[in-house]
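In what follows, a single structure is set out as structure tokens and then discussed.
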Protein chains: 2
Amino acid sequence: MEPVSMLLAMAYRAMGDQFHERLRAVELEPLRPAHGYVFRFLAERRATAQDLAAHLGVTKQAAAKIVSELVEWRYVQREPHPTDKRAQYVTLTTKGRDYLKFADGMWADLEAEMASVIGTAELHALKGNLKKYLDHVGVHHLRPVW
Amino acid sequence: MEPVSMLLAMAYRAMGDQFHERLRAVELEPLRPAHGYVFRFLAERRATAQDLAAHLGVTKQAAAKIVSELVEWRYVQREPHPTDKRAQYVTLTTKGRDYLKFADGMWADLEAEMASVIGTAELHALKGNLKKYLDHVGVHHLRPVW
DNA sequence: TATGGTTAGACAACCAAGTTGACTACTTCA
DNA sequence: TGAAGTAGTCAACTTGGTTGTCTAACCATA
């Protein structure tokens with residue numbers, strides 16, 4: 001039997017491929033996986049470009065480039081930082097939140113398909129065990145898989 | 001609860017991070033994930049650069065570059081194609097097979113750690129369900145997650 | 001058996017997404 | 001209040017890919 005690592009990679013890639021295939025049908029701007037990680041991060045907090053850089057695991061210059069792109073496409077906007085005049089907060093616009101909602105819907109569809117294949121209880125157990133493992137290794141949030 | 005897609009990505013990335021961390025301690029050449037996919041593919045068959053390109057989902061030129069690199073490091077070697085004078089087979093050297101064995105051992109260690117956290121039976125069920133899903137979506141072998 | 005279409009691999013020019021390094025303006029702390 | 005550190009920008013470079021072109025070899029068919 002294949003190692004779990006390989007099965008995890010295959011399953012993740014299979015879902016991701018279907019996600020992007022469905023996405024291609026509707027989207028305008030060429031959104032890449034990195035953008036998804038940004039949206040998801042910004043959904044939970046206000047963040048500076050530096051915060052994003054740390055989260056994505058890239059340099060601040062790379063993060064700044066991504067932010068500029070997303071600002072241009074109006075998915076995010078810059079706001080003055082209340083206390084630090086050097087910094088700017090980056091936040092989701094309505095368009096950004098709408099996109100995230102749409103993407104979450106597609107992920108949920110793919111999850112439902114998985115549930116229909118392996119069963120709801122099995123899916124629930126699978127998720128529970130993955131969480132247990134993640135908790136054990138101390139991973140608590142999604143970082144990019146590149 | 002997070003979507004499965006996210007849990008799969010997190011778990012895969014968590015295992016991958018540990019793998020590369022352990023790898024860093026011993027390796028000489030700067031092997032990247034792409035190389036792992038090449039080794040694993042070559043372990044099962046003789047392949048031309050074109051076959052590799054198709055498997056990796058990159059152009060033949062990109063595949064050729066990777067092959068040249070691995071030949072230089074002596075992980076793989078080129079062999080004349082028996083019937084097609086244009087083509088060359090790429091095969092693993094002893095060094096390549098040794099590396100693969102070593103890597104598989106590390107993946108097995110990480111899997112054992114997972115088993116110790118969630119239980120052997122649970123791990124077995126998890127793998128079985130992932131395979132069932134992969135079978136349903138028609139994915140039968142590992143393609144790179146980039 | 002000649003010939004036209006296809007394919008494997010090499011070479012070159014280019015591109016995208018990251019990097020490092022340097023700088024300014026502002027912040028923080030002893 | 002001065003020195004060290006930090007947010008963001010600009011510019012040069014690196015890397016890992018791309019497209020485009022070419023040659024030699026293959027293969028189908030008339």
Side-chain angles (χ1 to χ4, degrees), chain A residues 13 16-17 20 23-24 27-39 41-42 45-73 75-91 143-146, chain B residues 13 16-17 20 24 27 29-39 41-42 45-73 75-91 143-146:
Chain A
R13 163 119 195 186
D17 283 352
H20 286 102
L23 194 58
R24 255 208 326 274
E27 78 177 289
L28 301 159
E29 295 89 359
L31 288 174
R32 290 162 314 204
H35 300 128
Y37 291 102
V38 170
F39 293 156
F41 189 68
L42 293 181
R45 77 211 95 227
R46 289 142 91 210
T48 64
Q50 293 277 25
D51 296 335
L52 278 171
H55 174 65
L56 296 174
V58 299
T59 58
K60 58 184 179 169
Q61 292 91 331
K65 213 185 276 186
I66 294 174
V67 169
S68 297
E69 200 172 41
L70 289 176
V71 166
E72 199 172 324
W73 294 337
Y75 285 103
V76 306
Q77 60 201 351
R78 286 188 245 257
E79 290 175 10
H81 191 289
T83 64
D84 189 336
K85 281 182 203 156
R86 295 166 306 171
Q88 286 176 306
Y89 271 135
V90 179
T91 58
R143 307 254 337 263
V145 176
W146 350 88
Chain B
R13 160 119 200 188
D17 283 352
H20 286 103
R24 254 208 327 274
E27 77 177 294
E29 296 88 1
L31 288 174
R32 285 162 286 145
H35 300 129
Y37 290 103
V38 171
F39 293 155
F41 189 67
L42 292 181
R45 76 211 94 229
R46 291 140 91 211
T48 64
Q50 291 276 24
D51 296 333
L52 278 171
H55 174 65
L56 296 174
V58 300
T59 58
K60 56 183 179 170
Q61 293 89 332
K65 214 185 277 187
I66 293 173
V67 169
S68 297
E69 201 172 39
L70 289 177
V71 165
E72 200 172 324
W73 294 337
Y75 286 103
V76 307
Q77 59 200 351
R78 285 187 246 256
E79 290 176 10
H81 193 288
T83 64
D84 189 335
K85 283 182 203 155
R86 296 167 305 174
Q88 286 176 306
Y89 271 135
V90 179
T91 59
R143 306 254 336 262
V145 176
W146 352 86

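Everything quoted here is computed from the prediction, not taken from an experiment. Lettering follows sequence order; numbering is per chain, from 1.
- We find that CZ of A:R46 is positioned 16 Å from P of D:dA7, with the value rounded to whole Å.
- Between A:R86 and C:dT24 there is no side-chain polar atom (N or O) within less than 4.0 angstrom of OP1 or OP2.
- Distance CD (A:Q88) to C1' (C:dT24): 15 Å, rounded to an integer number of Å.
- Between A:D51 atom CG and D:dA7 atom P the separation is 8 Å, expressed in whole Å.
- Classification of the B:H81-B:Y89 ring pair by plane angle, with boundaries at 30° and 60°, yields parallel.
- Using a 4.0 Å heavy-atom criterion, one finds that B:K60 contacts the bases of the nucleic acid, with or without backbone contacts as well.
- In this structure, B:Q61 atom CD and D:dC22 atom C1' are separated by 12 Å, rounded to whole Å.
- The nucleotide whose nearest atom lies closest to any side-chain atom of B:R32 is, among C:dT19, D:dG16, C:dT27, D:dG16.
- Which of C:dG9, C:dA17, C:dA8 sits closest to the side chain of B:A49 comes down to C:dG9.
- Of the candidate nucleotides C:dG18, C:dA8, D:dG8, C:dG18 has the atom nearest to the side chain of A:K65.
- A donor-acceptor pair under 3.5 Å is formed between the side chain of B:D51 and the backbone N or O of B:T48.
- Close to D:dT18, at under 4.0 Å from its OP1 or OP2, lies a side-chain N or O of B:T59.
- Taking atom CG on A:L70 and atom P on C:dA17, their separation rounds to 12 Å, with Å as the unit.
- Per the geometry, NE2 belonging to B:H81 stands 11 Å off C1' belonging to D:dC26, to the nearest Å.
- With hydrogens and angles ignored, the 3.5 Å screen pairs a side-chain donor or acceptor of B:R45 with a backbone N or O of B:F41.
- Side-chain atoms of A:H20 come within 3.5 Å of backbone atoms of A:G16 as a donor-acceptor pair (strictly under, hydrogens ignored).
- Straight-line distance from the CD atom of A:Q50 to the C1' atom of C:dA25: 14 Å, rounded to whole Å.
- Atoms CD1 (B:I66) and P (D:dG16) sit 9 Å apart, rounded to a whole Å.
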#### Entry: A:E69 and A:R32: CA distance, side-chain angles, deciding distance, side chain to side chain contact (heavy atoms under 4.5 Å, CB included) verdict
CA-CA 11 Å; A:E69 200 172 41; A:R32 290 162 314 204; 2.7 Å; yes

